[in-house]
2 protein chains.
Amino acid sequence: MRARPTLEKVAARAGVSRATASRVVNGSTRVAPEIREAVNRAVDELGYVPNQAARSLVTQRADSIALVFPEPATRVFSEDPTFSGIIRGVSMEIEEADKQLVLMLTGLAGGYQRVERYATNGHVDGVIIASMHGTDPLPGILARRGVPVVCSGRPSVPSSLPYVDMDNVGGAERAVRHLVEQGRRRIATIAGPQDMIAGIDRLNGYRAVLRDSDRRSIVAVGDFTRESGTSAMRQLLADDPELDAVFVANDLMALGALTALRQAGRQVPGDVAIVGFDDIPAASYTEPPLTTVRQPTVEMGRRLARMVLDLEEKAQVMLPTELVVRGSTTTP
Amino acid sequence: MRARPTLEKVAARAGVSRATASRVVNGSTRVAPEIREAVNRAVDELGYVPNQAARSLVTQRADSIALVFPEPATRVFSEDPTFSGIIRGVSMEIEEADKQLVLMLTGLAGGYQRVERYATNGHVDGVIIASMHGTDPLPGILARRGVPVVCSGRPSVPSSLPYVDMDNVGGAERAVRHLVEQGRRRIATIAGPQDMIAGIDRLNGYRAVLRDSDRRSIVAVGDFTRESGTSAMRQLLADDPELDAVFVANDLMALGALTALRQAGRQVPGDVAIVGFDDIPAASYTEPPLTTVRQPTVEMGRRLARMVLDLEEKAQVMLPTELVVRGSTTTP
DNA sequence: GGGGAGTGAGAGAGCGCTCTCTGGAAGAAT
DNA sequence: ATTCTTCCAGAGAGCGCTCTCTCACTCCCC
């Protein structure tokens, strides 16, 4: 491998000074066309690529941003495309801005310190935290340290930190209202973990609609895994065998609930209608296909990236969710 | 935000030279205990974190490695946990080595150039390419440029580049042999794309066993998506209504095939036995649960990372796969 | 024609760090 | 007591780049 050429070499070859070569490489307009031309030719001939470390050292910018996934998230990772959607969205924007994406899956122990150290030493220009738990201390720590931070999901304690959240409450309301409109009387819910904002909000949405429509709420709590959906559904059926609908706080649990309903001999949607949340690919392929609430995950990733890159103002943003009606709540 | 302290500041506070402070920070043993102590105290008090750019500039190392996913991979991403397994494995090793993971999802246009430029300018110490297509030119290009490269999956053109591959042939053979042992006579296959090494190898494994057991092969080709599994299955049923087993080259297509079989009124495993490949989570939850071939994806990620980090010798490695027998091929 | 404005290119000072080289002190060997 | 080792700390030279400052030159207007 030939040694990588330096700006010095390019300048020598083009017969100009290093400073001028730098100007051309960085696209300054204040360079005479013929000189610009000569430098560009030298760059091409030598295959020159700027050394990022040297550049970062003087500019104090890293041209890369970190995307942090706390451990609990990575576990769900495999079956839940929410995260891959966010990654895709973030990646697109980052790529467009010609920056780099550093992915950090914070391990079990010492994950925080690692991210904190990494983020505060000028490695990255900003951090996106795909935190599921609204009480995560990391965003606050980094913000205090002066690192630009944007969170996916609203922190559960009010703060001034920018975030991009999904309209979980609205989505849940629309889902439950849909069940009400279908004439369902006894509408239960399988809620998500109550230490995650998504879990809390979706339950709140459910409660709000039931209150307005004068029905009583029937609640079981799961942990967003398929298995927990199955056992929560069993519990609901035991608690209230007459229930005729269930709003499940995510699709994975809904898949589990579907299994429990089948085992219990309940027809879907005949006996029990079911709505999920997330619109994962599998939701289209269940029998019957699952009515669910779609989230703009890629868009979320894009917005997160644009904010942290300062391409748009850092703010507290709520993205709309959308009800996707399929066979699990209506007969064609 | 207070400015980040430099080594100079730490040295001044500890009353030593910058060189000595550097020695302590980098763990040299040739420093008197009391001085080491003093420096460490200064580091703590000041909250010093080394500036990576400056360090990279002089050491010529980047302390980070890139994980590249070509576009076709990212599309499957969402439903196929193979990639998240690899990411997890890579991430674990990288974290252990205290390096960073740069994730690059190469976009549609100009993805190669971008990765090439990025990797050859000293940004990263090595590149892991999660290439699905064995003909990908990127690994060769980078290797020629002197960048350490390791591929996931064997290149289809023989080369000396190191890779970590799954035993696709062996897995397919075991799967098909399992069908033979179950007394199945007419064993079809839904093959994967024949421009991907996994697709080719799995078909070869199928063919080898059929040849040995004196059966004729019945082949349809899909593209690893669920939909293609459905239509390939329909085609197979049309081609040979008497078939009593099908080996499907991945689970996603197997899920699709299951749908087609159900629609065609075939009992699984009564009329038709079915085996998939990958052991995605959904495979445990189909009705009946899917017999499939499990791949050590996390292990694959680890090995890839260890090789590119030079923690183990770069070689051409084949990881074993494992047949997981479930209800889609046997009745309890 | 002279002075000021404007423009383009070079010189050079660092950015924060590592690492070699040098020097001095202390202990071992003669 | 003197020389030789050994060991540890400091001095200083860069790593490759950006960016300010300076200077030379051209152009224009009065």
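Reckoned from all heavy atoms, side chains included, excluding hydrogens, waters and symmetry mates.
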Short side-chain N/O contact to dC15(C) OP1/OP2 from Asn51(B), under 4.0 Å: no
Rounded distance (Å) that lies between atom C1' of dC19(D) and atom CZ of Arg55(A): 13 Å
Validation row: Ser64(B), Val102(A) side chains within 4.5 angstrom (heavy atoms): no
Close side-chain approach of Pro162(A) to Val150(A), heavy-atom, < 4.5 Å: yes
Nearest-neighbour nucleotide for the Arg18(B) side chain, dG16(C), dC17(C), dA9(D) considered: dC17(C)
Side-chain N,O (Thr20(A)) to OP1/OP2 (dG10(C)) below 4.0 Å: yes
DNA chain C: 5'-proximal contact among Ala19(B) and Gly15(A) (nearest heavy atom): Gly15(A)
Between the first and last five pairs of the helix from dG1(C)-dC30(D) to dT30(C)-dA1(D), the angle of the axes, rounded to 10 degrees: 50°
Of Thr59(A) and Glu34(B), the one whose closest DNA chain D nucleotide lies more 5': Glu34(B)
Aromatic plane relationship, Tyr118(A) with His123(A) - under 30° parallel, 30 to 60° tilted, over 60° perpendicular: parallel
Side chain of Arg23(A) (C-beta onward), nearest among dT20(C), dC17(D), dG10(C): dG10(C)
Residue Ala32(A), side-chain atoms from C-beta onward, closest of dC15(C), dA9(C), dC17(D): dA9(C)
5' precedence on DNA chain C between Ala54(A) and Ile35(A) (nearest-nucleotide basis): Ile35(A)
Non-hydrogen side-chain atoms of Met92(A) and Glu95(A) separated by less than 4.5 Å: no
Along DNA chain D (nearest heavy atom to each residue), the more 5'-positioned of Val16(B) and Val58(B): Val16(B)
Audit row: Met166(A), Met300(A), side chain to side chain contact (heavy atoms under 4.5 Å, CB included) steps and yes/no: CA-CA 8 Å; Met166(A) 305 288 191; Met300(A) 182 181 213; 3.3 Å; yes
Leu7(B) side-chain proximity, nearest of dG10(D), dT18(D), dC17(C): dC17(C)
Side chain of Gln60(B) (C-beta onward), nearest among dG10(C), dC15(D), dT18(C): dC15(D)
